[in-house]
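Below is one structure, written out as structure tokens; the observations come after it.
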Amino acid sequence: MGMLIKSGHVVDPANGLDGIYDILIEGVVIKEVAPSIDSIGMEEVDAGGLHVFPGFFDAHCHLREPGYEYKEDIESGTKAAAAGGFTSVACMPNTNPVADNDSVIRLILDRASEKGCVKVYPIGSITKGSEGTRLAEMGFMKQAGAVAVSDDGKPVESADIMKKALEYASGFGLPVISHCEEMSLSEGGAMNDGFVSTSLGLKGIPAAAEEIQVARDVLLSECTGVPVHIAHISTGGSAGIIRAAKARGVRVTCETCPHYFSLTEDECEGFNPYAKVNPPLRNEKDRLAVIEALRDGTVDFIATDHAPHHEDEKNVEFQFAANGISGFETAFSAAYTNLVMTGAISLGRLVDLMSRLPARFLNRYTGGLRPGAPADLTIADLSAAITVDSSKFLSKGRNTPFNGKQLHGRILMTIVNGGTAYRRDK
Ligand code: DOR
Ligand code: ZN
């Protein structure tokens, strides 16, 4: 079994590739990357006029299984991921039951091997039930296959528990991913605190609710010497704290998501519940500061925070709507449109931010597009203009503020371990 991808514009900065190449896949691995490879009767994919990238790696998503299969399951979630160009995803533990022990981690991996069309890496919780009080059994979860720990969706409110979590997780080599939210400030808030929240009469969540916790975790990392990773940063203030911490040698890393560098609180106008997400969409100054942080390396990678919800949980009064955006199927287009087409970052940097860098963070980087590496890659048409139509999503979650918006760059094909995980119908 083999596949020959012909004449694509291959972009993989880690391997010094930015030009027209053929890629030969044999079995599950890349056999050869060269300006011209002769076909010897295998399946051929004509990538002329298209771009070929190492498969994207999403280090932060919600697949909702077990427990919330009505929102998403591993089958629908990984199909949606493949449609977004992702060949690997790491899923958060806020399932039901919470992935706070080795059996749930094993269940997720079993389901993924039966039903998943991309690689799935489960993240275990930091505390039992993500309740913030007792540490979860990280060693057993690691043995079962967990790649990191997080109480994402909720902060670890006690600084003492967070400090102990960092120390405990470091013993197992598990990265700790922190959802930064100071609850006394965010409680009851529905969107960013600012002009729009005031005009809508909604209680706002101030930037400080995120930044106080970012500062706390930076200090905990500094005093323990243990790395900490900050999930979904949304404000210029968070970027500033992390930039300064990195400059003095603190082992802090962070991610942001496409909605934070593409959209603002203005999307909430008219009480649009599809724009409700936690942390909330911020203001234009924050959006530009997040882009600057992606440009200068303060932000380590892009993650989707794909958070599918059922229509009945979203299409309700703003205050009662669930937080979250179904993100897999717009992530690349939003990033290409708002970061590369605007000239903020290069295409190569975007590819790195969506493939090598998140994979490396979770200790999963396998080499990108080079002989011997797993054949995980994605093919995109960067000339395509698209109007987002969430009714066509492969995700069960159609909740997106990008619906109806114009973006550029379309994923056409995603290959995982040499097999076709997604191919767009003509
Ligand atoms: O908007 C969000 N949705 N933020 C989170 O932190 C959790 C997520 C979810 O699980 O729906
Ligand atoms: Zn999340």
Side-chain angles (χ1 to χ4, degrees), residues 58-73 77 80-81 86 89-99 108 121-126 129-130 132 147-157 175-183 186-187 189-192 205 209-210 213-214 229-235 238 254-260 263 265 267-268 272-282 301-314 316 318-328 330-331 358 362 395-402:
D58 189 9
H60 181 155
C61 73
H62 300 266
L63 295 179
R64 307 297 194 205
E65 189 172 353
Y68 300 110
E69 291 84 353
Y70 68 95
K71 295 177 195 256
E72 189 82 289
D73 57 34
F86 295 93
V89 300
C91 54
M92 284 295 174
N94 61 343
T95 48
N96 186 15
V98 171
I108 293 167
Y121 297 102
I123 295 170
S125 67
I126 295 175
S130 284
V147 297
V149 288
S150 180
D151 277 357
D152 181 56
K154 288 183 190 171
V156 175
E157 290 192 64
V176 178
I177 303 173
S178 178
H179 170 116
C180 286
E181 178 176 356
E182 207 290 319
M183 294 295 278
S186 64
E187 203 74 67
M191 63 171 295
N192 185 44
I205 302 170
E210 176 176 317
Q213 205 86 339
V214 171
H229 178 80
I230 312 296
H232 42 53
I233 71 154
S234 69
T235 77
S238 294
C254 72
E255 73 200 24
T256 192
C257 317
H259 37 278
Y260 300 119
L263 304 172
E265 60 189 351
E267 298 296 324
C268 300
N272 175 12
Y274 301 101
K276 190 176 174 192
V277 60
N278 186 27
L281 300 175
R282 304 289 186 179
F301 56 83
I302 293 170
T304 67
D305 198 6
H306 173 76
H309 289 292
H310 193 275
E311 182 66 3
D312 293 351
E313 298 165 315
K314 269 301 207 180
V316 294
F318 198 92
Q319 293 94 309
F320 303 119
N323 278 304
I325 293 173
S326 181
F328 283 146
T330 50
L362 290 175
S395 170
K396 290 185 193 178
R398 274 89 201 272
N399 47 302
T400 174
F402 288 104

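Every number for a ligand or one of its atoms is a count from 1 in the order of the listing.
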Testing D305, T400, T304 for side chain to side chain contact (heavy atoms under 4.5 Å, CB included) with I325, which one passes?
T400
Any idea which protein heavy atom is nearest atom 7 (C) of ligand 1, and the distance to it?
G153 CA, 3.8 Å
Using a strict cut-off of 4.0 Å, indicate which atoms of ligand 1 neighbour a heavy atom of H62.
8 (C), 10 (O)
At a cut-off of 2.8 Å, protein N/O/S around the Zn ion (ligand 2) gives H60 NE2, H62 NE2, D152 OD2, D305 OD1
Mind checking ring-ring contact (aromatic ring centres under 6.0 Å, His included) for Y121 and listing every partner two or more places apart, or none if nothing turns up?
F57
At a non-hydrogen distance cut-off of under 4.0 Å, which region of H179 contacts ligand 1 (side chain, backbone, both, or neither)?
side chain
Against heavy atoms of A307, which atoms of ligand 1 measure under 4.0 Å?
3 (N), 8 (C), 9 (C), 11 (O)
Which residues share a side-chain hydrogen bond (donor to acceptor under 3.5 Å, both in side chains) with E267, sequence neighbours left out
K405
Tell me whether D73 is salt-bridged to K396, with the criterion being a basic N under 4.0 Å from an acidic carboxylate O.
yes
Looking only at non-hydrogen atoms, which of N323, N278, N399, I325 approaches atom 5 (C) of ligand 1 most closely?
N278
Please check if any side-chain donor atom of N278 sits under 3.5 Å from a side-chain acceptor atom of H232, or the reverse.
no
Please work out which of R64, E313, E181 has its closest non-hydrogen atom nearest to atom 11 (O) of ligand 1.
R64
What are the two closest non-hydrogen atoms of Y68 and T95, and how far apart are they?
CE1-C, 3.7 Å
Could you note down all residue pairs passing salt bridge (charged side-chain N to carboxylate O under 4.0 Å, His left out) where residues 273-282 supplies at least one of them, sequence neighbours left out?
E210-R282
Residue pair S125 / V149: nearest heavy atoms and the distance that separates them:
O-CG1, 3.6 Å
Numbered in order shown, the ligand 1 atoms found under 4.0 Å of a heavy atom of V277 are 1 (O)
Would you mind listing which atoms of ligand 1 come within a distance below 4.0 Å of any non-hydrogen atom of H309?
11 (O)
Using ring centroids (six-membered ring only for Trp), state whether Y70 and H309 fall under 6.0 Å.
no
